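The model shown is predicted, which means the values in this text are computed figures rather than measured ones. All ligand and atom numbering here is 1-based and tracks the order in the structure. Throughout, residue positions are numbered sequentially from 1 according to the sequence presented.
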Amino acid sequence: RDRAREILQSASRRETNRLGVEAMDLLDAYGIPTPQGAVVDSPGEAAAVAEEIGEEVVMKIVSPDILHKSDIGGVEVGVPPEEVRDTYEDLVVRARNYQSDATILGVQVQEMVDLDSGTETILGMNRDPQFGPLLLFGLGGIFVEVLEDTTVRVAPVSEPEAREMLDDIESAPLLQGARGRDPVDETALVETVQRLSQLVTDFPAIVELDINPLVATPDGVQAVDLRLTLD
Ligand code: ADP
Ligand code: MG
């Protein structure tokens, strides 16, 4: 919790109240698994991180002014090592084309997550003035807007409540292994819902938070993207 507090304090010293993947450590601090990776601010450092990861990587622009990174071409999936430096420059150019005065913190270089064996879910929180922190769980990725298959509980949630959320959504069979797919690791998913519940309970300054996607696979979960707003 102390680590999380430090991360939030250093963030609140910036001029923006919006945080993105540069705050992934916050999830780490609460035991929510994130893919290996780092936010860097030069092509050389990006190449070094990619080399450490040792295979194709995902690269994302990191800017408080860009909320939907892929909408502006700010996410490149499957970047081979030899293209990391050029991709860094490309991502910055695209961000500048989108908004010339955008604050650019750098680029995140991230390990690839296997989406084929996983299901993209969304796990989020919205602080309601009346009810307090509302946890939202549902199908994520591109489906979140289309299907609107989500369920909501007031945090903090108990283990049975978290488990109930998974069963609540219409796409629940997808998580349980429909059409010959292996079921996702439900225990890890339940644990993650509870860990986020704890995080937003501990830090009332977080008014809004979205992990989208939270990729659920048979072997566990990975928080692939994060955005949050502080008050
Ligand atoms: P944004 O939501 O701002 O566009 P994301 O980080 O969510 O940015 O990336 C957009 C999409 O790219 C994700 O929904 C996912 O399908 C894919 N993606 C992002 N990161 C990874 C990763 N590490 N491994 C595999 N696919 C990824
Ligand atoms: Mg996203």
Side-chain angles (χ1 to χ4, degrees), residues 16 18-28 32-40 46 49-81 83-84 87-88 90-92 94-99 102-126 136-150 171 174-175 181 184-185 188-189 192 196 208-229:
T16 173
R18 295 187 158 284
L19 306 189
V21 290
E22 75 276 13
M24 286 287 231
D25 288 350
L26 198 59
L27 302 180
D28 272 349
I32 298 174
T34 59
Q36 190 188 340
V39 176
V40 295
V49 174
E51 194 174 321
E52 216 172 287
I53 292 172
E55 44 198 63
E56 290 188 352
V57 293
V58 180
M59 296 177 67
K60 309 179 188 183
I61 195 75
V62 184
S63 162
D65 298 315
I66 298 168
L67 295 186
H68 300 282
K69 299 177 286 298
S70 39
D71 286 357
I72 66 130
V75 178
E76 283 291 339
V77 179
V79 182
E83 283 173 24
V84 167
T87 302
Y88 185 103
D90 291 346
L91 290 172
V92 172
R94 285 176 208 157
R96 287 264 170 257
N97 285 342
Y98 167 71
Q99 186 183 323
T103 300
I104 296 173
L105 299 176
V107 166
Q108 184 192 40
V109 181
Q110 190 180 55
E111 175 192 358
M112 293 271 283
V113 168
D114 179 16
L115 295 179
D116 291 337
S117 76
T119 304
E120 289 190 73
T121 69
I122 178 171
L123 178 60
M125 186 277 298
N126 250 298
L136 176 141
F137 173 77
L139 210 59
I142 52 169
F143 300 119
V144 63
E145 282 102 25
V146 186
L147 298 180
E148 289 184 13
D149 187 10
T150 55
S171 327
L174 214 63
L175 302 175
R181 284 159 56 99
V184 306
D185 184 343
L189 208 42
T192 302
L196 184 72
E208 201 177 30
L209 185 153
D210 268 311
I211 303 174
N212 185 20
L214 173 71
V215 178
T217 72
D219 309 311
V221 301
Q222 296 256 279
V224 164
D225 187 24
L226 171 69
R227 98 179 109 245
L228 63 100
T229 310

Which ligand 1 atoms are under 4.0 Å away from a heavy-atom of [X]?
X      : answer
Glu120 : 13 (C), 14 (O), 15 (C), 16 (O)
Lys60  : 6 (O), 19 (C), 20 (N)
Asn212 : 7 (O)
Met112 : 24 (N)

Compute the shortest N/O to N/O distance between [X] and ligand 1 and return yes if it is under 3.5 Å, no if not.
X      : result
His68  : no
Gln110 : yes
Val113 : yes

Below 4.5 Å, heavy atoms only, C-beta onward: do [X] and [Y] meet side chain to side chain?
X      : Y      : value
Thr121 : Leu175 : yes
Leu228 : Leu26  : yes
Val57  : Glu52  : no
Leu123 : Thr192 : yes
Ile32  : Val221 : no

Protein heavy-atom partner closest to [atom] - residue, atom, separation in Å:
atom                    : result
atom 10 (C) of ligand 1 : Ser70 OG, 3.9 Å
atom 17 (C) of ligand 1 : Val77 CG2, 4.3 Å
atom 9 (O) of ligand 1  : Val75 CG2, 3.9 Å
atom 2 (O) of ligand 1  : Asp225 OD2, 3.1 Å

(request) Mind running side chain to side chain contact (heavy atoms under 4.5 Å, CB included) on Ile61 and Val107 for me, showing each step along the way? (result) CA-CA 5 Å; Ile61 195 75; Val107 166; 4.3 Å; yes

(message) Filter on side chain to side chain donor-acceptor pair (under 3.5 Å), then keep only pairs touching residues 63-74, sequence neighbours left out; what's left?
(response) Lys69-Asp225

(request) Taking both backbone and side-chain atoms into account, decide whether Ser70 has an N/O/S atom under 2.8 Å from the Mg ion (ligand 2). (result) no

(request) Just let me know how Val215 lines up against ligand 1, side chain, backbone, both or neither, with a heavy-atom cut-off below 4.0 Å. (result)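 Contact part for Val215 vs ligand 1: neither.
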
(message) For Pro35, which part has a heavy atom under 4.0 Å from ligand 1: side chain, backbone, both, or neither?
(response) neither

(request) Count the heavy atoms belonging to other residues, nucleotides or ligands that lie under 6.0 Å from CD of Gln36, then report whether that count exceeds 12. (result) yes

(request) Just jot down the salt bridge (Lys or Arg N to Asp or Glu O under 4.0 Å) partners of Glu76, sequence neighbours excluded, or say none. (result)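 With neighbours one apart ignored, the set is Arg94.
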
(request) Report yes or no: does Arg96 contribute a side-chain atom to a donor-acceptor pair with the main-chain N or O of Ala102 at less than 3.5 Å? (result)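 It does hold such a pair.
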
(request) Give a yes or no on whether the backbone of Val39 and the side-chain of Glu22 come within a donor-acceptor separation of less than 3.5 Å. (result)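 No.
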
(message) Heavy atoms only: which of Val109, Leu115, Asp71 lies closest to atom 26 (N) of ligand 1?
(response) Leu115

(request) Check whether any heavy atom of Leu67 sits under 4.0 Å from an atom of ligand 1. (result)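 Right, Leu67 reaches ligand 1.
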
(request) Give a yes/no verdict on whether any heavy atom in Glu111 is under 4.0 Å from an atom of ligand 1. (result)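 Yes.
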
(request) Give, for atom CG of Leu214 and atom CG of Leu189, the distance between the pair rounded to the nearest 0.5 Å. (result)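 Atom-to-atom, Leu214:CG and Leu189:CG are 6.0 Å apart.
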
(request) For atom 22 (C) of ligand 1, decide whether some protein heavy-atom distance is shorter than 4.0 Å. (result) yes

(message) I'd like the atom name of the N/O/S atom in Asp225 lying closest to the Mg ion (ligand 2).
(response)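 Among the N, O or S atoms of Asp225, the one closest to the Mg ion (ligand 2) is OD2.
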
